[in-house]
Amino acid sequence: MANDASTVFDLVILGGGSGGYAAALRGAQLGLDVALIEKNKLGGTCLHNGCIPTKALLHAGEVADQAREAEQFGVRASFEGIDIKAVHKYKDDVISGLYKGLQGLVASRKVTYIEGTGRLSSPTSVDVDGRRVEGRHVLLATGSVPKSLPGLEIDGNRIITSDHALTLDRVPESAIILGGGVIGVEFASAWKSFGTDVTVIEGMKHLVPVEDENSSKLLERAFRKRGIKFNLGTFFQSAEYTENGVKVTLADGKTFEAEVLLVAIGRGPVSAGLGYEEQGIAMDRGYVLVDEYMRTNVPTISAVGDLVPTLQLAHVGFAEGILVAERLAGLKTVPIDYDGVPRVTYCHPEVASVGITEAKAKEIYGADKVVALKYNLAGNGKSKILKTAGEIKLVQVKDGAVVGVHMVGDRMGEQVGEAQLIYNWEALPAEVAQLIHAHPTQNEALGEAHLALAGKPLHSHD
C-alpha cells in the first residue's frame with residue numbers, strides 16, 4: 001500500500017458528513033493538520049439526502065397549502081398543481097449553494113480533502129483507493145443509511161426509501177408510509193400538501209413516539225384534520241405488488257393499498273466491511289460504542305454522528321465532531337447532555353422539544369414532584385393571525401427548574417432556541433417570566449406559558 005510517508009496527520013477523519021466536516025473545520029481552526037476522507041459528497045446525508053432537501057420539499061408544500069387557502073386571508077389566488085421538476089430544481093439549487101459554500105470553507109481552512117472509499121487499516125491509518133493515510137488519531141464518521149425489514153425488498157420505484165422519495169419524478173397519487181417517526185411524518189406532511197392520499201403505518205401507540213405523549217396526540221389531531229390517515233399500534237407483516245402499486249398487510253390482517261410504499265423505519269449505521277471489528281473496536285448492532293467524550297475502546301480512535309448510538313441529528317453530529325477536535329487540541333471539553341439537544345419535526349404543524357417528557361420526569365423525580373402546564377396557542381395573537389393551532393407544554397420539577405419544553409404548532413421550530421436556553425441553564429419559571437417577549441410573536445407564547453407556570457398568567461386562565 002502506497003503511503004505519503006512525508007505526512008502524518010494529527011487527525012484523519014473517515015466521513016465528510018455533519019460530524020466529520022465539523023471536526024475537520026474546528027480541528028484545523030485549532031492548528032491541527034487534518035485529512036478528511038469522503039467517498040460521496042462533502043456534507044453527507046444532512047446536506048444531500050436529509051435535513052436540507054426534505055425541508056425544501058416541506059416548504060414547497062407549505063407554499064402550495066398557502067395558495068389553496070389564500071381566500072381565508074382575503075387574498076385571491078389559485079392553485080394549479082405541483083410542477084415536480086421545478087420543485088426538484090428549487091431543492092437542488094438550495095443544496096448546490098450550500099455545497100459550494102462548504103467546499104470553500106474546507107479549502108479555506110487548509111483541510112486536506114481526499115475523495116475516495118476509505119477503510120480503517122490500523123488504529124492510526126485509513127486506506128483510500130490504494131493510498132494509506134496515516135494519522136496520530138482517527139475519527140470515524142461514516143454515518144447511516146435508510147433501514148429496511150427482513151423480506152422487504154426496496155426496488156426504488158414502488159417500494160422506496162427516503163433517498164428515492166427525494167428524487168421521485170412524480171407526485172404519487174397515493175402512498176403508504178411505513179414508520180410514524182420524524183422521517184415518516186415529514187414525508188406524509190409534504191406529500192399531503194402536494195396532493196397525495198397518505199396513510200402512515202406506525203407499530204407504536206402514537207406518531208412521533210419518542211416525543212411527549214401530548215405532542216403526539218396534538219399532531220394526530222392535526223393530521224386527521226388535514227386528511228392524513230394513520231394506523232397505530234400494529235406492526236407491519238408483509239408487502240406485495242399489485243397491478244398498479246403495493247399492498248401492505250399488518251400483523252392483525254388489516255391491509256392497505258397504494259401506488260408507493262415509503263419505508264421510513266429509521267436509519268442504520270454504515271460500518272460493515274470498513275475494518276472496524278478487525279481493529280478491535282467495540283460495537284453493538286453495527287454501532288460503534290463510545291464514552292461521553294466520543295472515545296472508542298481503542299485509544300487512537302474516536303467516533304461521532306449517526307455511526308454511534310446517540311441522537312441521529314445533524315446538529316448532534318456537529319457538536320460531537322467539535323468536541324473531538326477540541327479534546328485532541330488540548331482544550332477542556334464537557335460531555336454533551338443529549339436531553340438538552342433541541343429536537344424538531346418539520347411537518348405541518350411542527351413538533352419541537354427540548355428536555356425530558358412528563359412521563360420521564362415522573363420516572364426520575366416521582367409523580368408528586370412534577371408539575372406540567374399547557375398553554376394553548378389560541379391565546380397567542382400571532383398564532384391567531386397565522387391560523388395555527390397547538391400548545392406549549394412545560395414540565396417542571398416542583399419548586400424547581402423547567403426540565404422539559406414541548407411545542408406543537410406552525411413555526412415552533414423557531415422557538416426551540418429559547419427553550420434550549422431555559423432547559424440548559426436550569427431556569428426557574430419566575431426567571432423566564434421576568435423576560436419581556438416581543439408582541440405579537442409566537443415566541444411570546446413561550447413567555448406566557450412561563451408566566452402561567454410562575455403563578456401570574458396574563459393571556460390565559462389560571
Side-chain angles (χ1 to χ4, degrees), residues 12-23 36-41 43-46 48-51 116-123 125-128 137-154 156 159-164 178-179 181-184 203-204 209-210 235-236 262-321 323-324 336 338 341:
V12 174
I13 303 169
L14 181 55
S18 301
Y21 85 68
L36 179 61
I37 301 161
E38 171 56 51
K39 68 176 182 179
N40 291 318
K41 288 184 175 179
T45 295
C46 173
H48 300 285
N49 301 98
C51 326
T117 301
R119 187 178 189 278
L120 188 67
S121 51
S122 82
S125 66
V126 175
D127 291 349
V128 188
H137 199 90
V138 176
L139 174 61
L140 306 177
T142 43
S144 64
V145 289
K147 290 196 293 190
S148 187
L149 292 170
L152 186 53
E153 293 294 325
I154 306 293
I159 302 179
I160 64 175
T161 68
S162 56
D163 287 352
H164 303 114
L178 183 58
V182 173
I183 298 170
M204 305 297 281
V210 301
F235 287 97
F236 167 88
L262 169 61
V263 181
I265 58 170
R267 299 179 65 87
V270 175
S271 58
L274 296 179
Y276 298 171
E277 293 95 337
E278 290 90 325
Q279 300 308 321
I281 296 173
M283 302 183 70
D284 178 32
R285 295 170 295 118
Y287 290 100
V288 171
L289 300 179
V290 293
D291 67 7
E292 67 270 31
Y293 293 99
M294 316 316 296
R295 298 176 295 202
T296 72
N297 61 311
V298 179
T300 55
I301 300 175
S302 298
V304 298
D306 288 359
L307 180 63
V308 302
T310 56
L311 292 171
Q312 289 187 332
L313 298 169
H315 45 288
V316 168
F318 295 149
E320 291 173 344
L323 187 155
V324 170
I336 295 166
Y338 290 98
V341 172

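None of the values given here were measured: they were computed from a predicted structure. Start at 1 with the first residue, then count along the sequence.
A side chain to side chain donor-acceptor pair (under 3.5 Å) with Ser302 holds for exactly one of Arg295, Glu320, His137; it is His137.
For Met283, the CE atom is densely surrounded, since the number of other residues' heavy atoms within 6.0 Å is greater than 12.
Glu277 is linked by a salt bridge (Lys or Arg N to Asp or Glu O under 4.0 Å) to nothing, counting only residues two or more places apart in sequence or in another chain.
When every heavy atom of Asp306 is checked against every heavy atom of Ser144, the shortest pair comes out as OD2-OG, 2.7 Å. The minimum heavy-atom distance linking Val298 with Gln279 is given by the pair CG2-O, 3.6 Å. Across all their heavy atoms, His48 and Gly43 have their closest contact at CD2-C, 4.1 Å. Counting all heavy atoms, side chain and backbone alike, Tyr287 lies closest to Val308 at CD2-C, 3.7 Å. Taking all atoms of both residues into account, the shortest heavy-atom contact from Cys46 to Cys51 is SG-SG, 2.7 Å. Scanning all heavy atoms of the two residues, the minimum distance from Ile265 to Lys147 falls at CG1-O, 3.6 Å.
With hydrogens and angles ignored, the 3.5 Å screen pairs a side-chain donor or acceptor of Asn297 with a backbone N or O of Gly280. In terms of modelled atom types and a separation under 3.5 Å, the side chain of Arg119 and the main chain of Val128 share no donor-acceptor contact. Formation of a donor-acceptor pair under 3.5 Å by the Glu38 side chain with backbone atoms of Asn40 is found in this model. No donor-acceptor pair under 3.5 Å is formed between the side chain of Thr45 and the backbone N or O of Asn49. Listed for the Thr300 side chain is a donor-acceptor partner under 3.5 Å among the backbone atoms of Pro123. With Thr296 contributing its side chain and Val290 its backbone, the two residues share no donor-acceptor pair below 3.5 Å.
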Does Val341 form a side-chain contact (heavy atoms from CB on, under 4.5 Å) with Ile336? I'd like the steps, not just the answer. CA-CA 8 Å; Val341 172; Ile336 295 166; 4.3 Å; yes
Start with the C-alpha distance between Glu278 and Ser121, add both sets of side-chain angles, then the distance that settles side-chain contact (heavy atoms from CB on, under 4.5 Å), and finish with yes or no. CA-CA 8 Å; Glu278 290 90 325; Ser121 51; over 6 Å; no
Between Leu262 and Leu178, is the side-chain contact (heavy atoms from CB on, under 4.5 Å) condition met? List the steps. CA-CA 6 Å; Leu262 169 61; Leu178 183 58; over 6 Å; no
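Residues Leu139 and Val12 fail the side-chain proximity criterion, which asks for heavy atoms closer than 4.5 Å. By the 4.5 Å heavy-atom criterion applied to side chains, Tyr338 and Glu292 are not counted as neighbours. You'll find the side chain of Leu307 stays beyond 4.5 Å of the side chain of Val270, heavy atoms only. Proximity of Ile301 to Val288: side-chain heavy atoms (C-beta onward) are nowhere separated by under 4.5 Å. Put simply, the side chain of Ile281 does not reach to within 4.5 Å of the side chain of Leu289, judged on heavy atoms. Looking at Leu152 and Val263, their side chains come closer than 4.5 Å, going by heavy atoms from C-beta outward.
How far CD1 of Ile183 is from OG1 of Thr161: 9.0 Å, rounded to the nearest 0.5 Å. Taking OH of Tyr276 as the start and CG of Leu140 as the end, the distance is 4.5 Å to the nearest 0.5 Å. Rounded to the nearest 0.5 angstrom, Ser18 OG and His315 NE2 are separated by 10.0 Å.
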